[in-house]
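Right, one structure below, let's go through it.
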Amino acid sequence: MIQRTLAMAGRLGWICVAGALFGLATSAIAQGGALPKATSRDGQHDFDFEIGRWTIHLKRMLHPLSGTAEWAEFDGTSVTRPLWDGRADIEEFETANGTDRVEGMTLRLYDPKAHQWSLYWASGRTGQMGLPATVGEFKDGWGEFYDQEPINGRQILVRYQWSRITANSAHFEQAYSDDGGKTWEVNWITDQTRVKE
């Protein structure tokens with residue numbers, strides 16, 4: 001009986017604390033005040049590092065999510081141009097390895113209300129824009145972007161990561177997860193070096 005009474009008193013104590021906090025918050029709002037808002041930083045220039053001409057080294061896994069780890073390597077260039085005063089850019093990407101080519105284009109659009117970027121990849125092989133957009137943002141110099149795509153007949157989580165960004169270099173990885181994000185298999189790696197002009 002005593003244990004049940006103590007347990008009930010403990011629950012009532014938390015309820016009283018929650019009620020008091022709610023009362024303070026509603027009182028502040030009623031008196032013309034407002035609750036503090038979480039601040040989102042303006043990330044519209046997050047991709048400014050990409051503007052210009054780059055040499056690219058690409059490693060691409062040939063058969064992602066198949067249990068094999070056969071990779072092909074490519075070398076080439078990319079050129080990124082700014083649009084809309086930094087709220088968008090477009091990148092042309094061309095690589096080859098003697099037997100194969102990877103050509104594409106990335107359109108990046110910044111949403112100033114959400115403070116997030118939407119990235120759209122268009123393949124030179126298919127001539128089509130990949131949908132849906134891969135969406136995300138930069139935090140502390142690290143960019144993460146996610147979407148869900150049909151791959152091998154299944155919906156797979158896709159993650160893009162930008163890291164190791166300097167004035168003259170950058171690193172990018174794409175990874176797939178077929179277990180809801182518990183594990184990730186990296187299948188596309190690019191290392192970029194700025195072309196001095």
Side-chain angles (χ1 to χ4, degrees), residues 46-83 88-110 117-138 141-197:
D46 284 343
F47 276 105
D48 282 3
F49 73 89
E50 264 289 272
I51 305 304
R53 183 177 301 277
W54 300 82
T55 60
I56 300 286
H57 181 75
L58 164 65
K59 283 180 60 177
R60 183 182 71 159
M61 186 179 283
L62 295 179
H63 308 288
L65 301 177
S66 67
T68 64
E70 186 180 355
W71 292 79
E73 298 196 33
F74 302 78
D75 289 300
T77 61
S78 76
V79 177
T80 302
R81 293 175 184 83
L83 302 167
D89 68 45
I90 191 160
E91 174 189 11
E92 297 174 78
F93 183 97
E94 296 180 14
T95 61
N97 68 1
T99 59
D100 197 6
R101 298 179 60 80
V102 176
E103 296 176 295
M105 183 176 6
T106 301
L107 175 63
R108 301 181 185 101
L109 303 171
Y110 184 69
W117 285 89
S118 296
L119 286 60
Y120 299 89
W121 168 258
S123 169
R125 188 165 289 172
T126 64
Q128 297 179 356
M129 184 77 68
L131 295 173
T134 307
V135 178
E137 62 193 287
F138 281 84
W142 182 279
E144 283 199 338
F145 307 84
Y146 294 90
D147 75 49
Q148 193 170 12
E149 299 177 17
I151 298 169
N152 300 329
R154 299 183 57 209
Q155 287 295 316
I156 301 298
L157 288 177
V158 178
R159 179 186 69 198
Y160 292 175
Q161 291 182 325
W162 282 96
S163 63
R164 302 194 307 240
I165 299 166
T166 71
N168 296 308
S169 62
H171 180 81
F172 170 84
E173 293 184 3
Q174 173 184 275
Y176 292 163
S177 176
D178 63 358
D179 60 8
K182 293 177 189 165
T183 60
W184 293 91
E185 178 183 84
V186 174
N187 57 61
W188 180 291
I189 301 168
T190 59
D191 285 298
Q192 301 178 206
T193 304
R194 184 175 300 281
V195 174
K196 304 286 184 190
E197 298 195 36

Would you mind reporting whether [Y] and [X] have side-chain heavy atoms less than 4.5 Å apart?
| X | Y | value |
| --- | --- | --- |
| Leu131 | Tyr120 | yes |
| Glu185 | Leu65 | yes |
| Ile189 | Leu58 | no |

With no hydrogens and no angle check, just 3.5 Å: does a side-chain donor-acceptor pair link [X] and [Y]?
| X | Y | answer |
| --- | --- | --- |
| Trp71 | Glu73 | no |
| Asn168 | Thr166 | no |
| Gln192 | Glu50 | yes |

Rounded to the nearest 0.5 Å, what separates atom [atom1] in [X] from atom [atom2] in [Y]?
| X | Y | atom1 | atom2 | result |
| --- | --- | --- | --- | --- |
| Asp89 | Leu109 | CG | CG | 8.5 Å |
| Arg53 | Thr77 | CZ | OG1 | 6.5 Å |
| Trp188 | Met61 | CH2 | CE | 13.0 Å |
| Asp46 | Tyr110 | CG | OH | 7.0 Å |

Applying side-chain contact (heavy atoms from CB on, under 4.5 Å), name anything that partners Thr99, two or more places apart in sequence or on another chain.
Asn97

Results of side-chain contact (heavy atoms from CB on, under 4.5 Å) for Gln128 - residues two or more places apart only
Thr126

Identify the two heavy atoms, one from Ser177 and one from Lys182, that lie closest to each other, and give their separation to 0.1 Å.
OG-N, 3.9 Å

Aromatic ring pairing Trp54/Phe49, orientation class (parallel under 30°, perpendicular over 60°, tilted between)
perpendicular

Hey, what's the ring geometry for Phe138 with Phe47, parallel, tilted or perpendicular (30° and 60° as the breaks)?
perpendicular

Is the shortest distance from a Lys or Arg side-chain nitrogen in Glu91 or Arg81 to a carboxylate oxygen in the other one below 4.0 Å?
no

What I want to find out is whether Arg60 reaches Asp100 closely enough, with some N-O distance under 4.0 Å, to be called a salt bridge.
yes

Would you find a donor on one side and an acceptor on the other, under 3.5 Å apart, between the side chain of [X] and the backbone of [Y]?
| X | Y | result |
| --- | --- | --- |
| Thr55 | Thr193 | yes |
| Thr134 | Phe145 | no |
| Gln148 | Ile156 | no |

Pairs flagged by salt bridge (charged side-chain N to carboxylate O under 4.0 Å, His left out) wherever residues 153-165 is involved - sequence neighbours left out:
Arg154-Asp178, Arg164-Asp191

Under 6.0 Å from the CG atom of Asp75, do we count more than 12 heavy atoms belonging to anything else shown?
yes

Whether over 12 other heavy atoms sit under 6.0 Å from Glu70 CD
no

